[in-house]
Amino acid sequence: MEVAKTIESVRNLVKAARSKGKKIGFVPTMGALHIGHISLIEAAVKKCDFVVVSIFVNPTQFGPGEDLEKYPRPLEADLEICRNTGVDVVFAPTTKQMYPQENLTWVNVEKLTEQLCGQFRPVHFRGVTTVCAKLFSIVAPDVAFFGQKDAQQAIVIKRMVADLNMPLEIIVCPTVREPDGLAISSRNQYLTEQEKKDATYVYKSLQKCQEMIKAGVTEIQEIITQMRNILNQIPSAKIEYISIVDADTLQSIDQVEGKVLAAVAVKIGSARLIDNIVVDVSKQ
Ligand code: AMP
């Protein structure tokens with residue numbers, strides 16, 4: 001496995017692989033790799049011949065007062081995981097490498113970034129789409145893999161790729177969870193043992209939503225009220241949002257219909273946790 005620190009070196013490595021006819025898979029991450037990331041890498045190894053993982057804590061997607069400085073950066077452990085999972089190249093650039101000068105060019109996906117996390121993290125998606133556009137242009141993959149854990153991000157990236165005619169396929173992989181349902185996240189490291197137990201109510205609230213839809217409840221407000229009751233059992237929780245929206249457009253709905261995305265964001269202690277499920281009413 002090669003570790004590329006510069007744009008030039010990763011480009012050369014990918015170019016050499018492509019010249020041998022290899023299909024290039026790409027998994028962008030911020031590191032602190034866990035089994036959620038590993039599931040994306042495994043999907044990439046399965047579908048592609050040459051896999052690039054980027055590890056870059058992208059400053060432009062963090063707002064003021066967010067956890068940019070304290071975000072975990074266990075690079076050696078991450079490289080070991082990549083070595084053991086069949087990654088060909090890790091691209092681990094410095095911030096200076098990615099942003100050598102004041103960034104004046106931004107990619108902004110409208111509408112889809114206005115609700116859910118976009119309401120609470122106003123510069124977040126602009127940072128994500130800009131860095132992904134840069135990474136796609138540097139790595140030039142055939143396929144890039146994202147997690148359903150960040151549902152809005154996956155939808156936004158897919159739209160950017162479509163709108164800008166970027167020549168790659170986006171594959172979205174299922175959310176990997178702890179046995180108790182907690183969605184795996186690098187930010188779970190911020191939780192105390194008690195908070196980790198409390199955090200299981202996040203997925204329980206989503207399961208409640210699924211049960212209610214299955215039972216025929218269609219009134220969104222009724223479902224959200226029940227979900228809120230569950231989340232309120234977490235003593236230290238600050239609920240940012242509980243939303244049930246159209247799963248494709250992320251537009252608000254009053255009644256459950258078609259495919260819906262139920263998404264929550266909750267602050268527990270010093271961690272901001274997000275999770276979601278998609279419920280297809282026609283399949284219930
Ligand atoms: P991050 O390092 O948090 O930016 O995440 C990198 C990629 O891993 C994103 O596409 C995430 O959606 C995905 N990811 C993070 N956690 C999980 C998880 N628990 N299950 C599946 N994918 C995940």
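Note that the numbering runs from 1 along the sequence shown for the chain. Quick note: numbers below take in every heavy atom, side chains included, and nothing from hydrogens, waters or symmetry partners. Indexing begins at 1, ligand by ligand and atom by atom, following the structure's order.
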Q: Under 4.0 Å from a heavy atom of Thr175: give me the atoms of ligand 1 that qualify, with their elements.
A: 20 (N), 21 (C)
Q: Hey, are Tyr99 and Asn58 close enough side-chain-wise for a donor-acceptor pair under 3.5 Å?
A: yes
Q: Please report the C-alpha distance between Gln255 and Thr218 in whole Å, then the side-chain angles of each, then the deciding distance to 0.1 Å, and finally whether the side-chain hydrogen bond (donor to acceptor under 3.5 Å, both in side chains) criterion is met.
A: CA-CA 5 Å; Gln255 298 287 323; Thr218 57; 2.9 Å; yes
Q: Taking heavy atoms and a distance under 4.0 Å, where does Leu40 meet ligand 1: side chain, backbone, both or neither?
A: side chain
Q: For atom 10 (O) of ligand 1, which protein heavy atom lies nearest, and how many Å away is it?
A: Gly147 N, 2.9 Å
Q: Does Glu114 have more than 12 heavy atoms from other residues, nucleotides or ligands lying within 6.0 Å of its CD?
A: yes
Q: Would you check the N or O atoms of Phe145, main chain and side chain alike, for any that come under 3.5 Å of an N or O of ligand 1?
A: no
Q: How far is atom 20 (N) of ligand 1 from its nearest protein heavy atom, and which residue and atom name does that atom have?
A: Val176 N, 2.8 Å
Q: Between the side chain of Asn188 and the main-chain N/O of Ala271, is any donor-acceptor distance below 3.5 Å?
A: no
Q: Which of the atoms of ligand 1 are close to Asp150, meaning less than 4.0 Å from one of its heavy atoms?
A: 11 (C), 12 (O)
Q: Please identify which atoms of ligand 1 are closer than 4.0 Å to at least one heavy atom of Thr29.
A: 2 (O), 6 (C)
Q: How does Pro174 reach ligand 1, by side chain, by backbone, by both or by neither, if only non-hydrogen atoms under 4.0 Å count?
A: backbone
Q: Do me a favour and list the nearest non-hydrogen protein atom to atom 9 (C) of ligand 1 with residue, atom name and distance?
A: Gln153 NE2, 3.8 Å
Q: Taking distance alone, with N or O pairs closer than 3.5 Å, would you say His37 contacts ligand 1?
A: yes
Q: Could Arg83 and Glu80 be called an ion pair, given the rule that one side-chain N must be under 4.0 Å from one carboxylate O?
A: yes
Q: Kindly identify the option in Pro28, Ala183, Ser186 whose heavy atom sits closest to atom 6 (C) of ligand 1.
A: Pro28
Q: Show which atoms of ligand 1 fall inside a sub-4.0 Å distance from at least one heavy-atom site of His34.
A: 15 (C), 16 (N), 17 (C)
Q: Supply the atom-to-atom distance Ile234 CD1 to Lys197 NZ, rounded to the nearest 0.5 angstrom.
A: 14.0 Å
Q: Using a 6.0 Å cut-off, check whether atom NZ of Lys70 has over 12 heavy atoms from anything other than its own residue.
A: yes
Q: Apply the test side-chain contact (heavy atoms from CB on, under 4.5 Å) to residues Leu261 and Gln148: give CA-CA distance (whole Å), side-chain angles for both, the deciding distance (0.1 Å), then the verdict.
A: CA-CA 11 Å; Leu261 173 76; Gln148 175 63 25; 4.2 Å; yes
Q: What atoms of ligand 1 come closer than 4.0 angstrom to any heavy atom of Ile184?
A: 16 (N), 17 (C), 18 (C), 19 (N)
Q: Flag Met30 as yes when one of its N or O atoms lies below 3.5 Å from any N or O atom of ligand 1, and as no otherwise.
A: yes
Q: Residue-level breakdown please: for Gln148 versus ligand 1, do any non-hydrogen atoms fall below 4.0 Å on the side chain, on the backbone, on both, or on neither?
A: neither
Q: Around atom CZ of Arg159, are there more than 12 heavy atoms from other residues, nucleotides or ligands closer than 6.0 Å?
A: no
Q: Over 60° means perpendicular and under 30° means parallel, so tell me whether Tyr71 and Phe62 are parallel, tilted or perpendicular.
A: perpendicular
Q: Closer than 4.0 Å to some heavy atom of Phe146 - which atoms of ligand 1 meet that?
A: 10 (O)
Q: Please round to the nearest 0.5 Å and tell me the distance separating atom CG of Asp49 and atom CD1 of Ile24.
A: 7.5 Å
Q: Which residue and non-hydrogen atom of the protein lie closest to atom 17 (C) of ligand 1, and at what distance in Å?
A: Lys149 CB, 3.7 Å
